[in-house]
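The block underneath contains the structure these notes are about, expressed in structure tokens.
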Amino acid sequence: MTTAPATPGLATAADPILSVRGLSVEYEASRPGFWSKPTRVQALRDISFDIRPGETLGLVGESGSGKTTIGRAVLRRIDTSDGRILFKGQDITNVRGEALRKLRRHMQLVFQDPYASLNPRMRVLDIVAEPLIVHGIVRSAEEARDQIGELLRLTGLPRDAHDRFPHAFSGGQRQRIGIARALALKPEFIVADEPVSALDVSVRAQVVNLLQDLQKELGLAYLFIAHDLSVVRHISHRVAILHSGRLVEIADRDTLYENPLHPYTEALLSAVPVPHPRTQRARKRLIYKGDIPDVAHWPTGCHFHARCPHATERCSLQVPPLVRKAPDHQVACWHR
Amino acid sequence: MGLFILRRLFQGFLVVLGVTLVVFVATRMVGDPAQVMLPLSATAEQRAAFEHKFGLDRPMAEQFVDFIGDLATFDFGESMWQRRPAMDVIAGRLPNTLKLIAAGLGLAIVLALPLGALAAIRPGGFADRITVFLGLFGLSLPQFWLGLLLIMVFAVTFKVLPTSGYGGWTHFILPAVTLALPAAARLMMLVRSSVIDELNQQYVRTARAKGLRFPQVLFGHALRNALVPFITLAGWEFISALAGYTVVVETVFAWPGLGLTAMQAIKFSDLFLLQAIVFTVAIGIVLVNIVLDVIYKLIDPRIKLA
Amino acid sequence: AEITIAVGSEASTLDPQKRDDGGERAINDNIYETLLARTPAGELVPGLAEALPTQVDPLTWEFKLRPNIKFTNGEAFNADAVVKSVARIIDPNFASEQMSYFGTIAKAEKVDDLTVRVVTTGPDPILPSRMYWMKMVPATYSDDPAFQTEPAGTGPYKLSTWTRGQEVVLEKNPDYWGDAPSIDTVRFRFIGESGTRMAGLMAGELDVITNLLPEFVESVPKSAAVQGVETSVIILSTENEATKDERVRKALNLAIDRQALADSLYSGFALPTKGQLVNPRAFGFNTALQPYPYDPEQAKALIKEAGAEGKTVTLVGEAGRWLKDRELIEAVGNYWEEAGVKVDYRIEEFGEYLNQLFDRKKRPDAVFVVNSNELLDADREMSFAYMPNGTASSNNDPDLAAWVPAARVETDVEKRKGIYAQATQKAHDHYYLVPLLNMQDVYGFSARLEWQPRVDAKLLAKEMKVTE
Amino acid sequence: MAVISPAVPTAAAKPRAGSFSALAAELWHDKAGLFGFAIIVLLIVLAFIAPLITPYDPALQSVAARLKPPVWMAKGSWEHLLGTDHLGRDVLSRVMAGARTSLIVGVSVVLLAGSFGVLVGLFAGFKGGRTDAVLMRLVDIQVAFPGLLMILLIVSVIGPSMTTMIVVLAITNWMIYARVVRGIVLSVRQTPYVEAAEVIGCKPARVIFKHILPNLTSPLLTLGILEFTNIVLAEAAMSFLGLGVQPPATSWGLDVANGKDYIFVAWWLITFPGLSISVTVLAINLFANWLRVTTDPQEREKRFARAKAAERRRAGRTAPTPVEA
Amino acid sequence: MDAISEMPLLEVERLQVEFDTRAGIVHGLRGVDLSIRRGETLALVGESGSGKSVTAQAVMGLIDVPGRIAGGDIRWKGQSLLKGDGPRRAKDIRGKEVALIFQDPMTSLNPLITIGAQIGEVLQRHLGMTKAQARIRVLELLEAVGIPAPPRRAAQYPHELSGGMRQRVMIAMAIACEPQLLIADEPTTALDVTIQAQVLELIAGLQETLKLSVILITHDLGVVAGLCQRVAVMYAGRIVETGLADDLFERPSHPYTQGLIRSTPRLDDRLERLVSIEGAPPSLLAPPRGCAFEPRCPIAEARCGTEPPLAIVHAGASAACWKPSQPAWRDVPASAEPAPVS
Ligand SMILES: Nc1ncnc2c1ncn2[C@@H]1O[C@H](COP(=O)(O)OP(=O)(O)OP(=O)(O)O)[C@@H](O)[C@H]1O
Ligand SMILES: Nc1ncnc2c1ncn2[C@@H]1O[C@H](COP(=O)(O)OP(=O)(O)OP(=O)(O)O)[C@@H](O)[C@H]1O
Ligand SMILES: [Mg+2]
Ligand SMILES: [Mg+2]
Ligand code: NI
């Protein structure tokens, strides 16, 4: 049905559309005084990955681990403190101003919250046409009516959606409006930041399927951020696991789900409940004591060492690098 | 905390400095004190002598350097109007104003907290509508009018309270009430709306789900959490009273306070006294702000004093 | 008995020679005394001097002092005290604000313990009046810094307490040389707002309030009025476009119904001026002059004739310093507009008002002032408003420029009177001024107080009585 | 068990929420708000047509007709419904004319201070970082500046007049707008749809004006209206202290100040202008109260539900069992 | 099973809750029937807006303006909490015998009060403990919910704790008076998977040791599967199906339940395309007269225009459907056919 399972190697052939190399991001946490230097929190440290055209990279991690931050950094919504971001081979780490605005035509964002991400005061037509207007492709929303109609059809919205306001739509439909807006500029790459987390199970599938169909039709590449491992499994070609600001494992989807290497990935996978009583009861679950480390006070060494059953002295002192264990499988652990 | 206070004191110092500079320039433009202070018939020589005595005949820059020098020693020169050190004049008046503010604001707080909480229990209910109306009414009374009215009723007609002046506690009642009513109304409305807000918070639901009795939910949780905005506004009331807004009350009740003195200092173009008053008040405001921040910290553990 | 008197402003010092403000005067008039005094009606009588002074030569006046008088600090009142008082007040370093009253005095000399001569720089016919204004201070103690706050005088009262910002309390001086006053304690309270003062009187907290609004005479328990020393006037500029035409100035004078203003605005507690600024009680008052009549028709005609119809007259004034000043200004302006000119009211803040008043280069078309004359001598009005280059005058009449200084040194009483008559007549005929009203001082009393207010507006507690 | 579901009536035709007639109906039900609204309309109308309908020229003096009491008092006459003042001017005419001053001063100050404060707030909130810190520190300094003293100072430098007063009040009142706007901008900037606008490549101006500004209208409206009441009171207080409007212009505060000396013989001099201030401010407050609730969707819903609950309670007294819908 | 013969602890009967909104009356609950026995774990599942939280709030007496209980009854151990002197008795029952945990632990604690004091409050209120007594018990409770270093934690404020810890505090507060029934309204949705597992484990443990009855509200079928004996499925303000968990997952009777299970993505399956239920739940402003699921139901027919009663389909399972147990989708597992009770 989709390209993904049959041809995992297909995308490899092409050059990556997006390459991230050694990316680090810091946030200014607070400025104690006007003259004093702001204190900084490291949100991301030394992140590297590639996304190839037409490919979906699933990004999974706990809340606060920095998923959104990666998305924002890649879209150049925040400045990086280190590392490089290459988009179609071009270094975009430091573009800003008008050049950045131009770049927006090629990369877009789909938001988590279908309710808050649409301006309640604008008609659907205006919302979807806005990218075209600000990039000077059309002069008014009316001019783009037909073009927008096509987008609405593509995203499965009713034909009469044009002149209605967002509040007249259900959550799933709103998410489609958001996707239509993202597609208006015909981007090659879309960051989808938890696009289905706020939706009910019964409609979640609609959006996931839509994203998959669009990918097939338009050859889009996705950075698909989610915390729900089951959904990620359905849409991704490859999956990256993020843990408190570091990538701990990145692999081809099936490899990761069937043969996780990092203890954190294992814990994550085992913690996901399966909606089948007997199976669920029979499952062996790894429940590790302890909490997710706090960004402001990251531990030394491997960030997982406090909760890890395999942790040794070394784990608490040295940061394990991300090493390649198989052609498409990298992991950051001293013990694997 | 100590560091925080130090830093705030330093910032406050800058603010005070800025304020004083503005006042220095502004006061030089107010008018010629020699004309105002001396009788209409004073001769030119007398005027010159006067200006010389107060150093007003020197270039502005020179005066300014002197002024800054004296600032360091809290010396604001002699009040031209009272002919004694400006700081002495203030020392005599400031306590009266502070007492008035304390009485007025204290009364306002005592009125506002229970009434606001009462109104918030059932928004739109009878008690609420009555208190809101009273509150809005209190907000709408011009203070000078209210003061005159109170004097008419309580001092002249019923002769139960003194009409004006400073003295025993009976003298405090009318001015304090006049000062308190609008402030009480503002505070009351704030208490009401923030308690309503707090009562809608999830943690209040938790408290109710715990089976706590309503008074405890109201006073132990909602009202307590409503205190932060309340303190902000109460502090603001204090500051604005300090910043001269007592002058109307002081005028109506012949209250020997700082506001009235400031009015007179301006009337007499008493530069030195004016500078000293503004300086004192600015310091007062800065201090009040610091105290407020510390109070916030005591109430709300989430606030970091940094 | 104890009484409470409300005054508008607080004394800034209790040194009787330093400042020139009403708050200080009200108190010190009861503590200190002068060589000469006046009866309530204004007649000069001996005070600390035994008799009126005698003139030794045109520049020298001799005073005989009463014996056996002591200041409350124990110092004796004698020639030394007088010499000291004079020397102190005219010392340029002392910078007394009262110097305008004593500018002509050169020195005082002791003849013997009870005889003093006062020497003037030129002939000064009004020296006796001046000495009625100079309070006598003790010879030694007056150099003490404490003197400013702890006064010691020869008067019927001495200071008991002074609570800054609130009140000054005086108590009877047991060693007073004159008749013992009937009031034991006098309390002065400082209340700026007239409404608040009224309230205090109505509530029975106050016994005497000054500057009672005439409307309230009916409402207060008791009241009294006396011809005061203040006269309101509008000074017209003879240079300015709008007012240089004499016909216009005349019209502006004829347009005003002074009697109506006095009757309604001041409820009758003011009198229309008799065509001059000089106070009717003062030396030099010209009895020959008549009030300008109220003739709106002629005023209109004159304005038309002068081609001033619709021209703007700038009327500079202030508000709040004198009784009903703003109302009076507005009312006068209104009359003028009826006569056909446009009035540009400039009610300025007091400092700015003074700037305009004193600005010799740019005279406003019309300035409103209230002149007060405590010395009761026409020289005051003359040098203030009549003589070109006077403090507030706006004409350049060469005659007036010559006459006024001449009168100032003329010691022959009749000749002096003659010069003033000429001067007032000239100003009257050329309409340099728009004299408005002679004000009366109106006092409000509590029911128990009995007192006849004085022409010189002094609040002398020793003359007061209470009935219980 | 068999539950027979109660018949559910289809929702009756209702005015579309948010439409004008719905608003009007809502206002009609809030008597206090309606009262406020009516007074405000009256005030505005008065301010515009006062010169046409005042019985007398408000500055017209008649020394002969001074201090006439209102018509219902013993010596009152129909000529002067609310009596005359100490210069024989018609109090009713002056009260009507005073509305104009209050309105002009209030509106100008709110507009002036509002636009400046909004600009500063927008700029600070949108730029963030150091700009924000500097601007907000400026606001702090100005807030720490003794407000009334500042007013007194400026007025004594420039001299009192209506323009001076407007400028001075604007100078001392813009900070609140800056703070409120900055706060809203900061929070609205965080909302996804504003982020979305930036991501699709909107220029900052478009983001601010198309996406952020509309969020400001209702809080600013409410704030502006409440500030308006403060200005009316401040204008009155300044005029009372002699630093405000200068004659022959009139203002309620000025009239109270002029009349205060006559409080014992002519109570109507301070009563009518004083009452006008009170009623105006009260009316605006009542209306603003209604408006605040109406522009806050959550509060608006609650108000509706409370009204319903009260209705039901009243109905409940006659029919105690809950009616099944 | 013993529990079955016993009298139910809590019974909800034909409960109706309505909300007054300007758009009209929202029929939040439209006759909910529910009962739970001692020691039983019941899951309440359903789409967002189906009325799960409102049910819990109604039981806890937290329905407030704009909402109101418009009909039906809630009985605790056989005695009504709504009628007669019920409301008064309810005050002492709530918080003591029935306790509630909210979804969002971030906002459910008072930020200005130490967690120790917040837990202690319940003890003082219901068990009449003194402050000192309460303090000791608080430490035990914190220990019991697995919070390390209780004395230090008790003196901390909510913002100093992580989300998982706060939820544990909420649980400690709920079990403080050893209630008989614990209602947990989506206790783990705001938490991460690994922490979620910890909390669920904790609830399961407590249920065992304290012999608690638990109503677990969730929309995550996976959570239900691990923890609950019985499941009630809600749709548009009604219970559309109840049954034992094992049965219900294997043989869902109501088409909605079938759809729900079918669209839940599973970690352990490899379907490339997710499936969903087309359409959206009906507006509760004007709920349909008939079966509320009818517009979305692939096997709807004419009689679905009248409301089906909640009727027993097979032992231990009831469904509100005219065509219960018929597979509504072709890809629904074959086990959906009626089968004898095992
Ligand atoms: N503007 C900011 N200022 C300071 N710190 C921030 C800011 N935004 C995010 N952070 C911190 O950076 C870390 C990473 O945040 P991020 O939003 O990327 O997490 P996430 O993985 O997307 O989490 P979630 O699943 O909750 O969306 C968090 O700990 C967060 O507290
Ligand atoms: N305060 C309210 N005003 C109006 N309607 C309300 C209110 N609270 C709840 N409702 C309505 O009641 C219905 C049930 O809401 P409820 O919160 O019980 O849903 P839920 O099943 O808990 O959903 P979720 O999974 O999103 O928590 C919803 O349709 C909702 O719109
Ligand atoms: Mg995120
Ligand atoms: Mg819920
Ligand atoms: Ni049934």
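In the text below, chain A, chain B and the rest are named by the order of the sequence lines, each starting its count at 1.
Neither the backbone nor the side chain of D:Asn230 comes within less than 4.5 Å of any heavy atom in chain B. Neither the backbone nor the side chain of D:Ala310 comes within less than 4.5 Å of any heavy atom in chain B. Neither the backbone nor the side chain of B:Val16 comes within less than 4.5 Å of any heavy atom in chain D. Heavy-atom distances place the side chain of B:Val156, and not its backbone, under 4.5 Å from chain D. With a 4.5 Å cut-off on non-hydrogen atoms, B:Ser240 does not touch chain D at all. Neither the backbone nor the side chain of B:Arg129 has a heavy atom closer than 4.5 Å to any heavy atom of chain D.
Distance alone, capped at 3.5 Å, places no donor-acceptor pair between the B:Trp145 side chain and the D:Val256 backbone.
Between B:Ser140 and the choices D:Thr280, D:Leu286, D:Asn285, the side chain to side chain contact (heavy atoms under 4.5 Å, CB included) rule is met once, by D:Asn285.
Put simply, CD1 on D:Ile270 and CG on B:Leu149 are 6.0 Å apart, with the number rounded to the nearest 0.5 Å. From B:Asn200, atom CG reaches atom NZ of D:Lys302 across 3.5 Å, with rounding to the nearest 0.5 Å. From D:Ile277, atom CD1 reaches atom CZ of B:Phe144 across 4.5 Å, with rounding to the nearest 0.5 Å. B:Gln143 contributes atom CD, which lies 9.0 Å from atom CG of D:Leu233 (distance to the nearest 0.5 angstrom). Atom CG of residue B:Leu136 and atom OG of residue D:Ser278 lie 12.0 Å apart, to the nearest 0.5 angstrom.
Applying the 6.0 Å contact sphere to CZ of B:Arg122 captures no more than 12 heavy atoms from other residues, nucleotides or ligands. Atom OH of B:Tyr296 has more than 12 neighbouring heavy atoms from other residues, nucleotides or ligands inside a 6.0 Å radius. Atom CZ of D:Phe35 is surrounded by more than 12 heavy atoms from other residues, nucleotides or ligands within 6.0 Å.
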